[in-house]
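A short worksheet on the structure shown next.
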Amino acid sequence: MKSILSMSRKDELIKKLELKPHPEGGYFRETYRCSMGVHREDIDAYRSFSTAIYFLLGDNDVSKFHRIKSDEMWHHYEGGNLTIHIIHEDGKYEALYLGKNLDEVTEIQQVVPANCWFAATVDPGSEYVLVGCTVSPGFDFDDFEMADRYMMKQAFPEHSEIIERLT
């Protein structure tokens with residue numbers, strides 16, 4: 001086994017932050033779940049007011065297209081830049097840029113609206129990206145849906161190339 005001195009920064013973070021593989025890709029650990037919550041009439045279920053995770057993608061990892069039933073705010077912590085690919089319910093594609101190198105489009109926080117399909121990729125030249133994701137109302141795996149490539153390509157044929165790459 002490698003010593004911590006010879007580990008890559010990505011591997012060091014996975015170990016130190018106790019991250020586990022995420023179903024959509026990358027690594028995560030829940031760090032916060034509000035003890036208070038709300039009954040969501042739209043899904044007829046109780047959810048915490050808010051939840052938070054660490055989420056890490058390496059240069060060869062992608063977060064595959066998925067959607068959740070709450071807004072999700074992404075916070076950049078460390079590493080390179082990240083692109084969040086969104087397909088809105090009306091079919092509009094949007095790219096959000098997350099990172100520490102702020103410019104006219106890159107922010108250190110970005111929000112993915114509820115019910116949108118989204119995926120994330122590490123920008124070229126970056127070894128890894130460590131972010132935080134805060135979901136409100138709180139995340140529950142019952143509200144998580146991985147994309148089906150065929151169904152997405154049928155619904156959004158104009159985005160077939162990125163759907164093919166990120167499903």
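Atom-to-atom distance recorded for Ser8:OG and Leu13:CG is 8.5 Å, nearest 0.5 angstrom. Distance check: Tyr93 OH to Ile86 CD1 gives 8.5 Å after rounding to the nearest 0.5 Å. Here CD1 of Ile43 is found 6.5 Å from OG of Ser70. Values are rounded to the nearest 0.5 Å. A distance of 6.5 Å separates CG in Leu102 from CD in Glu107, rounded to the nearest 0.5 Å. Here the straight-line distance linking atom CG of Leu130 with atom CG of Leu57 works out to 10.0 Å at 0.5 Å rounding.
Between Thr83 and Asp123, the side chains place a donor N or O and an acceptor N or O closer than 3.5 Å (distance only, hydrogens not considered).
In this structure, the side chain to side chain donor-acceptor pair (under 3.5 Å) partners of Glu164, at least two apart in sequence or on a different chain, are Arg149, Lys153. Partners of Glu94 under the salt bridge (charged side-chain N to carboxylate O under 4.0 Å, His left out) rule, at least two apart in sequence or in another chain, do not exist in this structure. Every residue was checked against the side chain to side chain donor-acceptor pair (under 3.5 Å) condition with Asn81, not counting sequence neighbours, and none meets it. Applying the ring-ring contact (aromatic ring centres under 6.0 Å, His included) rule to Phe55 yields the partners His22, Trp74; only residues at least two apart in sequence or on another chain are considered. Residues satisfying the salt bridge (charged side-chain N to carboxylate O under 4.0 Å, His left out) criterion with Glu127, sequence neighbours excluded, are absent altogether. Partners of His66 by side chain to side chain donor-acceptor pair (under 3.5 Å), not counting sequence neighbours, listed by chain and number: Glu24. With sequence neighbours excluded, the residues that form a salt bridge (charged side-chain N to carboxylate O under 4.0 Å, His left out) with Asp42 are Arg40. Shown here are the side chain to side chain contact (heavy atoms under 4.5 Å, CB included) partners of Asp59, two or more places apart in sequence or in another chain: there are none. Looking at residues two or more places apart in sequence or on another chain, you find a side chain to side chain contact (heavy atoms under 4.5 Å, CB included) between Arg29 and Glu18, Leu19, Thr31, Tyr54. The salt bridge (charged side-chain N to carboxylate O under 4.0 Å, His left out) search around Lys10 returns Asp61, not counting sequence neighbours. Residues forming a side chain to side chain donor-acceptor pair (under 3.5 Å) with Asp103 (at least two apart in sequence, or on another chain): Thr106.
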Pairs of donor and acceptor atoms involving the side chains of residues 134-141, under 3.5 Å and at least two apart or interchain, shall be tabulated with distances.
unit_1	atom_1	unit_2	atom_2	d
Thr134	OG1	His75	NE2	2.8
Ser136	OG	Phe49	O	3.1
Asp140	OD1	Asp142	N	2.8

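Open room surrounds CE on Met151; 12 or fewer heavy atoms of other groups in view lie less than 6.0 Å from it.
Contact of the Arg165 side chain with the His85 side chain is registered, since non-hydrogen atoms from C-beta on lie closer than 4.5 Å. Using a 4.5 Å heavy-atom threshold, the side chains of Leu56 and Ile14 count as touching.
Between Arg9 and Glu12 there is a salt bridge, since a side-chain N of the basic residue sits under 4.0 Å from a carboxylate O of the acidic one.
Taking hydrophobic clusters as Ile, Leu, Val, Met, Phe, Trp and Tyr residues chained together by side-chain heavy-atom distances below 4.5 Å, Met73 does not share a cluster with Leu96.
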Query raised in the report: Can you check side-chain hydrogen bond (donor to acceptor under 3.5 Å, both in side chains) on Asp44 and His39, steps first, answer last?
Result: CA-CA 7 Å; Asp44 192 27; His39 179 81; 3.1 Å; yes
Requested in this report: Would you please test Gln110 and Tyr97 for side-chain hydrogen bond (donor to acceptor under 3.5 Å, both in side chains) and show each step?
Outcome: CA-CA 8 Å; Gln110 294 283 8; Tyr97 303 99; over 6 Å; no
Query raised in the report: Under the salt bridge (Lys or Arg N to Asp or Glu O under 4.0 Å) criterion, do Arg67 and Asp143 qualify, and how do the steps go?
Result: CA-CA 8 Å; Arg67 64 181 172 185; Asp143 303 336; over 6 Å; no
